[in-house]
K.L.:
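Below is the structure I would like to discuss, written out as structure tokens.
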There are 2 protein chains.
Amino acid sequence: MFSQAAKYAIKSIIYIWTQSLEDRKVGVKEIASNIGAPEAFTAKILQNLSKANFIGSVKGPNGGFYSDESHAKVTLKDVIKLIDGDHLFSGCSLGLPKCSEKNPCPLHFEVVKVRKEIDIMLTSKSLKHLAVEVIKGLTQLNQI
Amino acid sequence: MFSQAAKYAIKSIIYIWTQSLEDRKVGVKEIASNIGAPEAFTAKILQNLSKANFIGSVKGPNGGFYSDESHAKVTLKDVIKLIDGDHLFSGCSLGLPKCSEKNPCPLHFEVVKVRKEIDIMLTSKSLKHLAVEVIKGLTQLNQI
DNA sequence: TATATTTCGGATAAATAAGTCTGTTATGTT
DNA sequence: AACATAACAGACTTATTTATCCGAAATATA
Ligand code: FES
Ligand code: FES
């Protein structure tokens, strides 16, 4: 459903939020180890997220990544679109040139329902909110 | 959502059904051209489908692929599982080692809802039924 | 039996995704 | 100013997916 890169991106941002909510900036090494992802690959992804202004970053000693109110409106959907493109949200799931009600593929009408649910999943809660749930112990980013 | 191979597989089987319902066996060339897929790759996929008994095949002149009542219970879900594995239906969408209510990732409860809808999409109508809809002109496998 | 047709099976090639490495730039500390 | 730290940028490697190629096996027809 999501690419590896997108999974790491989502977990990274949520982890960064959990730390930013306690005013801690975090480095690649810490992020990667806490979400169970390869360090170098995570670094590449964080750079993209930073360039897209989905997170903030500061170079140098005591630098690292962070999230603040200027990033609070970024949704999971934004992240997926940035990294995986929008094939999950638009275009024909069976690969027909156009997805439409007029010329629907055999799965079209069911795909529409699935996409509605996917949209809810990726837009109903903010990344910050998801981080709060992690802090509360309701959900988690890593298992031993 | 689906791999290229899975898309071609789905379209191939539905196309084969549309022809089998009129007692016509079809060859790779005809299938590939009617679903807009590369011929050699389609051939490979058809071999897998045949080996898994999701379709029937006959070698030699007047041979080709077909579907009959012995294939009528194959679902879209079976096809996806064969070709893409079951990552769409089980396992954590964010890549955690285990997907469970006890140790849920931040997306778990929403993922469950999406998966329910995906399951409906892939099991509610038989491939044969989908073929009938194509025959009736309600849906289509290819656009010009 | 010879031939043409069509699937089967495995090897190979090309494209994309996943992941690594290495040097550069910015910045805080001494 | 010199140094250490940590993000940035781009080239590189590896793995997987997508796609092609070619010969072997099966089978209908002449
Ligand atoms: S036409 Fe295929 S999903 Fe809409
Ligand atoms: S734990 Fe992640 S989807 Fe269930």
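Computation of the quantities below employed the complete heavy-atom set of this structure, encompassing side-chain atoms and omitting hydrogens, waters and symmetry-equivalent molecules. Quick caveat, the model's predicted, so the values are computed rather than measured. Letters A, B, ... mirror the listed sequences (proteins, then strands); counts begin at 1.
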K.L.:
Please state how far atom NE2 in His87(B) lies from atom P in dT16(D), giving the value in whole angstrom units.
P.N.:
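One finds 14 Å between P of dT16(D) and NE2 of His87(B), rounded.
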K.L.:
Under 3.5 Å, which donor-acceptor pairs link side chains of residues 58-66 of chain B to any protein atom two or more places apart or in another chain?
P.N.:
none

K.L.:
Which pairs of donor and acceptor atoms, one on a side chain in residues 21-45 of chain B, lie under 3.5 Å apart (sequence neighbours left out)?
P.N.:
{"residue": "Arg24(B)", "atom": "NH1", "partner": "Gln19(B)", "partner atom": "OE1", "Å": "2.4"}
{"residue": "Arg24(B)", "atom": "NH1", "partner": "Glu30(B)", "partner atom": "OE2", "Å": "3.1"}
{"residue": "Arg24(B)", "atom": "NH2", "partner": "Glu30(B)", "partner atom": "OE1", "Å": "3.2"}
{"residue": "Glu30(B)", "atom": "OE2", "partner": "Tyr15(B)", "partner atom": "OH", "Å": "2.5"}
{"residue": "Ser33(B)", "atom": "OG", "partner": "Glu30(B)", "partner atom": "O", "Å": "3.4"}
{"residue": "Asn34(B)", "atom": "ND2", "partner": "Tyr15(B)", "partner atom": "OH", "Å": "3.2"}
{"residue": "Asn34(B)", "atom": "ND2", "partner": "Glu30(B)", "partner atom": "O", "Å": "2.8"}
{"residue": "Thr42(B)", "atom": "OG1", "partner": "Pro38(B)", "partner atom": "O", "Å": "2.6"}

K.L.:
Any side-chain N or O of Ser50(A) less than 4.0 Å from the OP1 or OP2 oxygen of dA7(D)?
P.N.:
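So the side-chain polar atoms of Ser50(A) never come under 4.0 Å of the phosphate oxygens OP1 or OP2 of dA7(D).
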K.L.:
Would you please test Glu133(A) and Lys125(A) for salt bridge (charged side-chain N to carboxylate O under 4.0 Å, His left out) and show each step?
P.N.:
CA-CA 11 Å; Glu133(A) 292 182 343; Lys125(A) 287 178 185 172; 3.1 Å; yes
K.L.:
Go through Glu69(B) and Lys128(B) one step at a time and tell me if the salt bridge (charged side-chain N to carboxylate O under 4.0 Å, His left out) criterion holds.
P.N.:
CA-CA 9 Å; Glu69(B) 284 313 307; Lys128(B) 185 180 177 180; 2.7 Å; yes
K.L.:
What is the separation between atom NZ on Lys7(B) and atom C1' on dT18(D), rounded to the nearest whole Å?
P.N.:
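Rounding to the nearest Å, NZ of Lys7(B) and C1' of dT18(D) are 12 Å apart.
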K.L.:
Side chains of Asp68(B) and His71(B): is there a donor and an acceptor less than 3.5 Å apart?
P.N.:
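Distance-only check passes for Asp68(B) and His71(B).
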K.L.:
For a quick check, with a 4.0 angstrom heavy-atom cut-off, what is the B/S/- contact string for nucleotides 17-30 of chain C, read 5' to 3'?
P.N.:
-SBB----BBBBS-
K.L.:
When the distance from CZ of Phe65(B) to P of dT5(C) is rounded to whole Å, what number comes out?
P.N.:
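So the two atoms are 17 Å apart, to the nearest Å.
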K.L.:
Measure from NZ on Lys29(A) to P on dA7(D) and round the result to the nearest Å.
P.N.:
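Nearest whole value for this atom pair: 10 Å.
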K.L.:
Rounding to a whole Å, what distance do you find between Ile45(B):CD1 and dT7(C):P?
P.N.:
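In whole Å, dT7(C) P lies 14 Å from Ile45(B) CD1.
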K.L.:
Mind calculating the distance between CG (Asn48(A)) and P (dA7(D)) to the nearest angstrom?
P.N.:
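Value for this atom pair: 15 Å.
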K.L.:
What integer distance in Å separates Leu49(B):CG from dT7(C):C1'?
P.N.:
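Checked: the CG to C1' distance equals 13 Å.
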K.L.:
Heavy atoms, side chains only, cut-off 4.5 Å: are Val114(A) and Ile118(A) in contact?
P.N.:
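Yes; the side chains approach each other to less than 4.5 Å.
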K.L.:
On DNA chain D, nearest-nucleotide positions of Gly63(A) versus Lys51(A): which is more 5'?
P.N.:
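This one resolves to Gly63(A).
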K.L.:
So, is Ser57(A) near the phosphate of dC8(D), with a side-chain N or O under 4.0 Å from OP1 or OP2?
P.N.:
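Answer is yes, contact under 4.0 Å.
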K.L.:
For the residue pair Ser20(A) / Ser67(A), report whether a side-chain donor-acceptor contact shorter than 3.5 Å exists.
P.N.:
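No, no side-chain donor-acceptor pair sits under 3.5 Å.
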K.L.:
In this structure, how many angstroms lie between the P atom of dA6(D) and the NZ atom of Lys25(A), rounded?
P.N.:
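Distance check: Lys25(A) NZ to dA6(D) P gives 11 Å.
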